[in-house]
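In each ligand, atom 1 is the first atom listed, and ligand 1 is the first ligand listed.
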Amino acid sequence: METKIKGAEGIADAARLIKQGEVVAFATETVYGLGADAFNEQAVKKIFVAKGRPQDNPLIVHLSKVEDVGKVAVATEMALFLFSVFAPGPLTIVLKKKTQLPDIVSAGLDTVGIRIPKNKIARKLIEQAGTPIAAPSANTSMRLSPTTAQHVYDDLKGRIPLIIDGGPCEVGIESTVLDLSQQEPVILRPGTITQEMLSQFIPNIKCSSQAVDKVSSPGIKYKHYLPAVDCVLAKNFENAVAEFERAKSKNQKAVILGRAGFAKEKDVNFISLGDNMELVAKNLYRILREVERQFDYIIIEEFLEKEIESSVRNRLLKATQGIIV
Ligand code: TXA
Ligand code: MG
């Protein structure tokens, strides 16, 4: 199959493909998604096949407006309130699912994640397709999420008919996933809508890693975000340099990544991820995809457990499999 890349002018074609039961990749503000009509079981199956995604990992359903939540899920007052604050935007809320929604979307769970994206391309596509769109990130399973159309092409060329290019994603990491379907609200995946921001409305909101009763997000048990070469986190620049020298002595070509201010000397390969955490999140996957082609070893600044830092940290703990030097 030929994979075409089109800009916003391709949205009508993309909407037609979705209605016909095909899959289409498209820009959102977080990462690129691989979408299909959420009510078409055969179409949703194609997403799992194209990505090589395990069938027991549920998909997020994307809507263009909050009024549509009731088509797929049982809206709660808190969910509607949080959407009134944060939607459209990078927040996914897990709610009890309506039985009309095919089980394949939620991987057999009785809950479903709902997101109302902000990106214009995503919104227009959902509106024109006239149906909720189930979409995971548009990468091959276990690879980094794509933040440009080229990343999607690199992973999925020949497997999908069309990519709608909206330029580089503004946010750069996946949405915050907040589970409101159980007794205790819990953040299953941190994002740029942070624990601190949500705690204004849900005091003491926990992240699943902090929750006493670990709530399981099916995605958590899978290896995620694995770069092609070994990666470690470094507590500080001195440790990063020591690790760099160690790699060098083994003839490995290493690189250090971090915030602009992380590097304190010039004699090492250092690439800045950005001046602030918003930029770090935005650039992270693009830079990881670039450096894994050029280097054998990636050493990355360890970020802290606060605000957006903790969301980037969450992704990097997976990329490095938790190795900190
Ligand atoms: O920003 C995003 O959320 C992007 C864009 C395309 O919207 N989508 C995305 O989807 O990252 P995906 O499938 O790559 O990640 C969704 C995560 C998975 O870890 C999945 O297990 C979890 O959300 N999830 C989805 N539905 C769930 C549910 N009903 N209960 C618990 N976890 C759920
Ligand atoms: Mg994903």
For this session: Report the C-alpha distance between I205 and L178 in whole Å, list the side-chain angles of each, state the deciding distance to 0.1 Å, and finish with yes or no for side chain to side chain contact (heavy atoms under 4.5 Å, CB included).
Result: CA-CA 10 Å; I205 179 80; L178 172 66; 3.7 Å; yes
For this session: Start with the C-alpha distance between S175 and T30, add both sets of side-chain angles, then the distance that settles side chain to side chain donor-acceptor pair (under 3.5 Å), and finish with yes or no.
Result: CA-CA 6 Å; S175 63; T30 55; 5.7 Å; no
Exercise. Under the side chain to side chain donor-acceptor pair (under 3.5 Å) criterion, do T28 and R115 qualify, and how do the steps go?
Worked result: CA-CA 11 Å; T28 86; R115 182 159 107 77; 3.0 Å; yes
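In this view, K124 satisfies the side chain to side chain donor-acceptor pair (under 3.5 Å) rule with no residue, not counting sequence neighbours.
Of all atoms in ligand 1, numbered sequentially from 1 with element shown, those under 4.0 Å from a heavy atom of T111 are 28 (C), 29 (N), 30 (N). With ligand atoms numbered from 1 in the order given, ligand 1 contributes 1 (O), 2 (C), 3 (O) to contacts under 4.0 Å with heavy atoms of S175. Applying the 4.0 Å criterion to heavy atoms of L188 picks out, from ligand 1, the atoms 31 (C), 32 (N). Proximity to N57 (heavy-atom distance under 4.0 Å) selects the following atoms of ligand 1: 18 (C), 20 (C), 21 (O). Near V31, the atoms of ligand 1 lying under 4.0 angstrom from a non-hydrogen atom of the residue are 4 (C), 6 (C).
Salt bridge annotation for R289-D154: absent, with no cationic side-chain nitrogen under 4.0 angstrom from a carboxylate oxygen. A salt bridge links E301 to R259: at least one charged side-chain nitrogen sits closer than 4.0 Å to a carboxylate oxygen. One finds a salt bridge joining R313 and E305 here, because a Lys/Arg side-chain nitrogen approaches an Asp/Glu carboxylate oxygen to under 4.0 Å.
Within the 4.0 Å heavy-atom criterion, the part of V94 lying near ligand 1 is the side chain and not the backbone. With a 4.0 Å cut-off on non-hydrogen atoms, E29 does not touch ligand 1 at all. At a 4.0 Å heavy-atom cut-off, ligand 1 does not touch D179 at all.
Inclusion of H62 in the set of residues having an N or O under 3.5 Å from an N or O of ligand 1 is warranted. Inclusion of K51 in the set of residues having an N or O under 3.5 Å from an N or O of ligand 1 is not warranted. Backbone and side-chain nitrogen or oxygen atoms of T30 are examined, and one is located within less than 3.5 angstrom of a nitrogen or oxygen of ligand 1. Between E174 and ligand 1, no pair of N/O atoms sits closer than 3.5 Å.
Ligand 1 has no atom lying under 4.0 Å from any heavy atom of K97.
Between Y32 and F26, a ring centre-to-centre spacing not shorter than 6.0 Å is recorded.
Within the set P58, G33, S141, the minimum heavy-atom distance to atom 24 (N) of ligand 1 is found for P58.
The Mg ion (ligand 2) has S137 among its coordinating residues (N/O/S atom, backbone or side chain, under 2.8 Å).
The shortest side-chain heavy-atom distance between N269 and I256 does not fall under the 4.5 Å cut-off.
Side-chain atoms of T320 never come within 3.5 Å of backbone atoms of V232 as a donor-acceptor pair (strictly under, hydrogens ignored).
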